[in-house]
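In each ligand, atom 1 is the first atom listed, and ligand 1 is the first ligand listed. Scope of the values below: all heavy atoms of this structure, side chains included, with no hydrogens, waters or symmetry mates.
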Amino acid sequence: MSKLWGGRFTKQTNHLVDEYTASIGFDQKLAEEDIQGSLAHVTMLGKCGILPQEDVETIKGGLNKVLEKIRKGEIEFSVSDEDIHMNVEKNLIAEIGPVGGKLHTGRSRNDQVATDMHLYLRKRVVELSGMLYELQKSLIGQARDNLDTIVPGYTHLQRAQPILFAHHLMAYVSMFQRDIERMMDSYKRINVLPLGAGALAGTTFPIDRHFVAEQLQFDRVYENSLDAVSDRDFILEFLSHASIIMMHLSRLSEELVLWSSTEFNFIELDDAFCTGSSIMPQKKNPDVPELVRGKTGRVYGNLMGLLTVLKSLPLAYNKDMQEDKEGMFDTVATLEGALQLFAPMIATMKVNKSRMREAVNKDFSNATDIADFLVGKGLPFRQAHEVIGKTVLYCIQNGKYLLDLTLEEFKQFSPLFDDAIYEVLQPETVVNARNVYGGTAKEQVADAIKRSEVLLRMTEQWLEEHQ
Ligand code: ARG
């Protein structure tokens with residue numbers, strides 16, 4: 001069979017043009033959505049009296065047959081049929097004869113492809129939110145097990161103040177919560193139906209767009225037909241949300257890589273999530289977080305790529321827009337790959353609590369609290385800062401830590417020191433002194449965990465409603 005649009009042409013398409021312009025190599029991923037959209041469209045054509053019911057039934061039967069064959073891998077897609085839409089239509093006609101040619105009544109590939117993309121991304125956003133939720137559960141589980149684990153907290157990657165390891169993990173739970181909320185919010189703009197916009201201007205047939213929307217469970221239809229076929233904001237939004245998720249994952253990855261080094265030795269990733277070296281028998285490499293860190297680049301690239309494709313495009317559809325797909329598919333696959341590994345990798349990671357404790361005991365991260373102690377005795381903070389700075393310098397020069405100093409040594413720096421300082425110096429005291437909402441005190445972190453469980457329930461409910 002020749003091209004579906006061949007009527008106006010007098011020559012065969014150059015085979016290089018076929019190959020260059022075809023999208024079937026990648027848009028076959030949209031086969032299910034394409035047929036789902038066509039089934040709703042043809043049902044509407046029947047309901048509006050545009051096609052006789054008999055034809056509608058024949059077309060529906062044919063579409064289901066084609067879908068079945070695609071699922072079984074029985075259909076060989078052809079490059080000369082350009083894309084998934086025309087491949088499906090060709091196969092439909094082969095299945096049921098010329099009546100299959102009535103399917104495309106009142107529709108264009110421009111509103112068809114946009115509809116497929118909306119259907120596709122709508123599903124992925126729910127799936128990915130579910131994966132983020134699983135990761136949050138793993139992090140919260142580890143946080144619960146580490147409510148008494150104290151670890152140095154860093155700024156500038158220098159030890160700053162001791163914190164609960166649970167508090168550190170819960171910071172990531174907050175980040176992923178924002179990611180989930182961004183996904184939920186974008187769903188509102190994804191769940192809008194473009195079909196019925198035709199090529200750009202609408203259609204002469206008396207179609208019912210709202211009926212199609214209802215069948216496909218879209219909340220709304222696009223207001224403007226030009227916008228409907230040329231809008232790719234919903235994909236850009238997804239790619240930017242995905243970029244932020246990858247950025248979050250890359251920060252966690254970097255910490256996992258650092259923490260599992262011999263130098264830190266704070267955690268050990270389970271053997272099942274690590275790889276070895278082909279030459280150095282002793283090695284256990286954190287390849288998964290390293291790769292996630294690395295793959296962040298391609299997701300950012302996909303966002304920049306599509307922003308650039310769309311820049312300055314005149315309305316309405318332009319073939320350039322076919323370039324919206326591969327980056328989106330690649331981003332979905334990259335995110336899914338990372339998230340499905342991260343949840344179990346975090347759940348199974350071993351936390352080296354004694355090593356973390358050792359790190360806390362051998363540092364100066366309690367210095368701020370000693371300064372605060374002197375402030376409590378009436379010394380202005382700026383002077384207290386100076387006094388403790390000198391005390392720390394003395395420790396460094398004498399190979400000691402603040403916890404090792406005698407009261408006499410303390411008194412060399414200020415007469416305001418007394419025995420109570422030893423209680424103030426304890427890492428537990430330092431941590432629990434930060435008893436403000438959102439702070440690292442155990443009571444606060446336990447509350448934060450409780451609040452996060454409420455958020456988990458909300459996500460569960462949303463996931464259930466959008467399955
Ligand atoms: N394969 C095309 C795409 O993905 C479908 C729309 C084609 N429309 C057209 N007018 N050539 O963008």
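- Pairs of residues two or more places apart, or lying in two chains, that qualify as side chain to side chain donor-acceptor pair (under 3.5 Å) and include a residue from residues 268-280 are E268-K284, D271-K284, T275-D287.
- Here is the list of ligand 1 atoms found below 4.0 Å of a heavy atom in D83: 1 (N), 2 (C), 5 (C).
- Protein heavy atom in closest approach to atom 7 (C) of ligand 1: Y317 OH, 3.5 Å.
- Shown here are the ring pair (Phe, Tyr, Trp, His ring centres under 6.0 Å) partners of F165, two or more places apart in sequence or in another chain: W259.
- Within the 6.0 Å centre-distance limit, the rings of F329 and Y120 are counted as a close aromatic pair.
- Salt-bridge formation is not detected for the pair K450/E453: no Lys NZ or Arg NE/NH1/NH2 atom is positioned less than 4.0 Å from an Asp or Glu carboxylate oxygen.
- In terms of protein heavy-atom proximity, atom 1 (N) of ligand 1 is closest to Q322 OE1, 2.8 Å.
- Aromatic ring centres of Y172 and H248 lie farther apart than the 6.0 Å criterion allows.
- Of the protein's non-hydrogen atoms, N110 OD1, 2.9 Å is the one closest to atom 8 (N) of ligand 1.
- Interface of S23 with ligand 1, defined as ligand atoms under 4.0 Å from a residue heavy atom, comprises 1 (N).
- Contacts between H85 and ligand 1 below 4.0 angstrom, taking non-hydrogen atoms only, involve the side chain exclusively.
- Taking atom 11 (N) of ligand 1 as the reference point, the nearest protein heavy-atom neighbour is R109 NH2, 3.5 Å.
- Of the protein's non-hydrogen atoms, the one nearest atom 4 (O) of ligand 1 is K325 NZ, 2.5 Å.
- Ring centroid separation for the pair H41 and F211 does not come in under the 6.0 Å cut-off.
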